[in-house]
Amino acid sequence: MTPEELSATIAVCIEEAIAAGEIALTNEDVVEVRVERPKVREHGDWATNVAMQLAKKAGMNPRAFAELVAARLLTVDGIEAADVAGPGFLNIRLSAGAAGELARSILHEGEDYGRGESFAGVHVNVEFVSANPTGPIHLGGTRWAAVGDSLSRLLEFHGAEVTREYYFNDHGVQVDRFAQSLLAAILGEDAPEDGYGGEYIQEIANRVLQDAMEAGEDDPLELPRAEAQEFFRARGVHLMFDQIKESLHDFGVDFDVYFHEDSLHKSGKVERALDQLKESGSLYESEGAWWLRSSEFGDEKDRVVIKSDGNAAYIAGDIAYIRDKRERGAQLCIFLLGADHHGYIARLKAGAAALGYNPDSVEVIIGQMVNLVKDGAPVRMSKRAGTVVTMEDLVDVVGVDAARYALTRSSADATLDVDLDLLASATNANPVFYVQYAHARSAGVARNAAEYGFSREDGFDASLLTHESEAALLGVLGEFPRIVAQAVDFREQHRVARYLERLASVFNQWYDRTRVTPQGDERITDLHRTRLWLNDATGQVLRNGLGLLGVSAPERM
RNA sequence: GCCCUCGUAGCUCAGCUGGACAGAGCACCGGACUUCUAAUCCGAUGGUCGCAGGUUCGAAUCCUGCCGGGGGCACCA
């Protein structure tokens with residue numbers, strides 16, 4: 001019996017009690033029954049506080065309410081005990097057979113175990129990273145790459161059709177500085193004020209020049225300075241972007257759409273969006289500029305959309321961009337932005353509202369910064385000083401799996417401290433290895449069972465799974481779908497990681513206390529075979545969960 | 001000044017859509033390998049859940065104020 005089935009069963013019991021006139025409620029009053037794993041094992045396999053939630057409305061003592069439900073539950077097949085405890089908790093113990101069936105249903109569902117339907121058929125646009133091509137992806141961007149991709153995987157697991165999108169701009173002030181820096185580097189000059197430092201600038205500058213010479217082109221350094229700068233901008237940005245894409249790809253993150261900011265302006269999409277806003281009366285003219293009535297949509301003040309010089313302000317592009325995403329079919333637009341962009345939330349939502357969309361169709365996830373820590377002290381990252389840690393640096397030191405896991409196992413709205421020395425030196429203290437090891441272990445057990453010549457298909461008797469550690473393991477296995485659903489609902493991938501650590505832990509405990517394969521000349525029985533089901537089911541869930549984080553599930557370690 | 005976010009064990013962090021004695025990993029101390037991977041397991045130590053009020057049968061969780069860390073407040077992009 002899965003927790004979902006148990007939850008439904010309890011709801012039926014309550015409805016029956018209502019029908020029998022024992023509880024003064026209507027079926028509409030019956031909220032979703034949530035069953036949870038009690039923290040204390042002695043309290044049973046599952047517990048619910050539904051009696052305490054409903055008793056007040058029914059004008060009853062919570063314990064009395066729970067007693068009524070318990071009495072009915074006891075008549076249900078597969079429920080061994082139902083006790084009322086404390087102020088009105090209902091503690092439930094399943095029979096071993098009913099609990100053990102879960103192993104079979106998990107393997108039956110396979111890689112679909114844990115899937116949900118909450119986003120079935122919904123087109124979701126997830127935009128993340130979106131760094132301009134002026135340098136390699138740094139630690140912060142790496143975090144969004146890991147988190148954004150994991151959230152996308154979660155949404156897909158719940159039926160969404162996800163577009164992973166990267167928004168970039170290769171013009172503008174920052175890119176000009178990048179181009180100036182390239183030119184300065186190749187000419188042997190100091191990096192310009194507010195320019196970019198670091199070895200990569202020199203490398204890219206050299207590559208641009210080298211590629212041009214090898215292709216037999218005119219020496220760009222012979223050009224007038226402004227033209228030379230443009231030459232280095234165009235070529236340099238291209239090289240930089242290729243490098244970024246390659247880093248992301250090596251990190252396991254590939255985008256469906258690389259959206260060029262310029263295309264909004266060149267295609268007239270900005271103008272069309274602004275025309276729509278003017279027509280709908282969302283814009284007004286004042287002091288020679290056009291303002292969006294964003295304060296009417298929750299922003300703290302109105303924003304200039306068309307500057308008094310006639311040029312579009314930055315926000316105009318954002319508005320046109322939202323409109324474009326919606327017109328491409330996105331029903332929900334999720335933006336992952338760093339904490340330094342939190343001022344965008346109100347503006348983006350106001351933009352969406354002004355366009356006539358539900359502001360809730362724009363969702364901004366603000367992630368906190370990643371701090372680099374060395375010897376216990378924070379290191380200030382600076383592009384100029386060249387103390388930036390890049391995605392490639394991190395992967396070089398700890399590998400893709402450890403990097404992705406470390407960045408996804410924490411909530412995005414908590415600042416994260418990354419100590420490279422610690423990750424590098426104490427890799428076996430990293431939780432990712434604990435989880436991966438558990439998976440490799442389950443794979444090893446399966447291999448051994450095959451060597452002993454027995455397989456799952458030869459027998460299954462769920463009632464044999466009576467060991468205490470088996471009840472614990474089955475309980476955690478059963479939680480997976482709900483954990484996934486919560487992670488999707490709250491857009492919190494870290495819940496999956498924390499769950500996997502718990503699952504690995506109860507699996508290791510089970511492994512330590514019981515055996516799947518026979519010892520000595522012991523005969524192979526259904527107990528061995530049934531435990532193999534449990535072992536394989538655990539491996540399946542670990543694999544499904546790691547997949548949602550974009551972390552590999554090795555067969556051997 | 002205003003806004004966002006965080007403040008839980010020595011460290012890194014879970015728990016926060018209210019529930020049963022506050023959790024994990026690391027670090028530290030003590031145990032367990034002739035039998036499926038010891039990258040494991042068992043035990044011990046360790047916390048005024050920033051502070052103060054409030055709501056509630058019940059608050060780490062919700063509300064208010066304060067303190068502290070981080071980030072942000074443009075006709076910049």
Side-chain angles (χ1 to χ4, degrees), chain A residues 34 36 38-40 43 47-49 52-53 55-56 61-62 85-89 91 132 169 171-176 261 286-291 300-301 303-315 317 338-346 366-369 371 373 376 378 406 409-419 422 426-438 440-449 451-452 486 489-490 494-495 497-499 501-502 504-505 507-520 522 528 531-532 535 556-557:
Chain A
R34 284 173 55 194
E36 299 181 331
K39 285 179 198 160
V40 186
H43 287 154
T48 178
N49 63 355
M52 288 181 283
Q53 290 178 330
K56 196 177 227 174
N61 176 314
F89 290 101
N91 293 331
N132 284 344
N169 181 13
H171 287 279
V173 177
Q174 291 171 48
V175 180
D176 286 345
E261 183 182 331
S286 173
E287 300 165 49
W290 284 86
W291 299 69
E300 55 190 28
K301 56 176 283 196
R303 305 285 171 182
V304 167
V305 177
I306 305 173
K307 295 186 277 189
S308 49
D309 64 7
N311 289 321
Y314 192 75
I315 184 178
D340 52 342
H341 287 76
H342 91 260
Y344 276 30
I345 303 175
I366 291 296
Q368 295 298 312
M369 303 294 182
N371 296 317
V373 176
R409 79 183 285 267
S410 287
S411 164
D413 52 28
T415 53
L416 191 62
D417 289 344
V418 170
D419 187 330
L422 193 78
T427 47
N428 51 355
N430 191 316
V432 71
F433 291 105
Y434 185 77
V435 177
Q436 288 185 315
Y437 180 70
R441 198 173 227 183
S442 74
V445 170
R447 283 193 298 270
N448 291 330
E451 265 180 45
Y452 276 97
Q486 284 179 343
D489 196 21
F490 297 137
H494 73 271
R495 289 168 184 268
R498 300 301 172 145
Y499 167 81
E501 290 167 30
R502 265 196 309 130
S505 174
F507 173 72
N508 280 327
Q509 287 165 22
W510 173 69
Y511 174 88
D512 194 62
R513 289 162 178 70
T514 66
R515 285 189 62 91
V516 174
T517 55
Q519 280 179 284
E522 198 185 342
H528 298 116
R531 282 184 174 155
L532 183 58
N535 175 76
R556 299 170 197 270
M557 286 178 79

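A quick note: this is a predicted structure, and the numbers were derived from the prediction, not measured. No hydrogens, no waters, no symmetry mates; every other heavy atom, side chains included, goes into these values. By convention in this document, chain letters (A, B, ...) are assigned in the order of the sequence lines, proteins followed by strands, and residues within each chain are numbered from 1.
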Would you tell me if any nitrogen or oxygen in the side chain of Q368(A) comes within less than 4.0 Å of OP1 or OP2 on G71(B)?
no

Less than 4.5 Å apart, any side-chain heavy atom of Q368(A) and any of I366(A)?
yes

C1' gap between A52(B) and A39(B), integer Å
47 Å

How would nucleotides 16-24 of chain B be written as a contact map, 5' to 3', with B for base contact, S for sugar-phosphate-only contact and - for no contact, using protein heavy atoms under 4.0 Å?
SB-BBB---

Distance between the C1' atoms of C67(B) and C57(B), in whole angstroms?
32 Å

Report which part of the nucleic acid E300(A) touches: base, sugar-phosphate, or nothing (heavy-atom distance under 4.0 Å, all strands).
sugar-phosphate

Can a donor-acceptor pair under 3.5 Å be found between the side-chain atoms of T415(A) and the base atoms of C6(B)?
no

Using atom C1' of each nucleotide, how far apart are U45(B) and A27(B) to the nearest Å?
12 Å

Anti/syn call for C33(B), syn if |chi| within 90°
syn

Writing each nucleotide of RNA chain B 5' to 3' as (, ), [, ], | or . by Watson-Crick or G-U pairing under 3.5 Å yields (((((((..((((.....[...))))..((((.......))))......(((((..]....))))))))))))....

Counting neighbours of CD on Q174(A) that are heavy atoms of other residues, nucleotides or ligands and sit closer than 6.0 Å, is the number greater than 12?
no

If I pick the C1' atom on C13(B) and the same atom on G65(B), what distance separates them, to the nearest angstrom?
28 Å

Across the strands shown, which category fits Y452(A) at heavy-atom distances under 4.0 angstrom: base, sugar-phosphate, nothing?
nothing

Nearest-Å distance for atom pair CZ/P, residues F507(A) and C41(B):
11 Å

Distance test, side-chain N/O of K307(A) to OP1/OP2 of A74(B), below 4.0 Å:
no

Could you tell me whether the phosphate oxygens of G25(B), OP1 or OP2, come under 4.0 Å of any side-chain nitrogen or oxygen in R502(A)?
no

Gap in Å between the two C1' atoms, one belonging to U8(B) and one to C41(B), rounded:
27 Å

Can you label the angle between the Y344(A) ring and the H341(A) ring as parallel, tilted or perpendicular, going by 30° and 60°?
perpendicular

OP1 or OP2 of C41(B) less than 4.0 angstrom from a side-chain nitrogen or oxygen of Y434(A), does that happen here?
yes

Using the P atom in both, what is the distance from A74(B) to C3(B), to the nearest Å?
15 Å

Decide, yes or no, whether a salt bridge links R515(A) with E522(A) under the criterion of side-chain N to carboxylate O below 4.0 Å.
no

Nearest-Å distance once atom C1' is located in both U61(B) and G7(B):
14 Å

Quick check: do P431(A) and Q436(A) have side-chain heavy atoms less than 4.5 Å from each other?
no

Taking the P atom of each, how far is G23(B) from A9(B), in whole Å?
14 Å

Nearest-nucleotide wise, let me know which of A504(A) and N169(A) is further upstream toward the 5' end of RNA chain B.
A504(A)

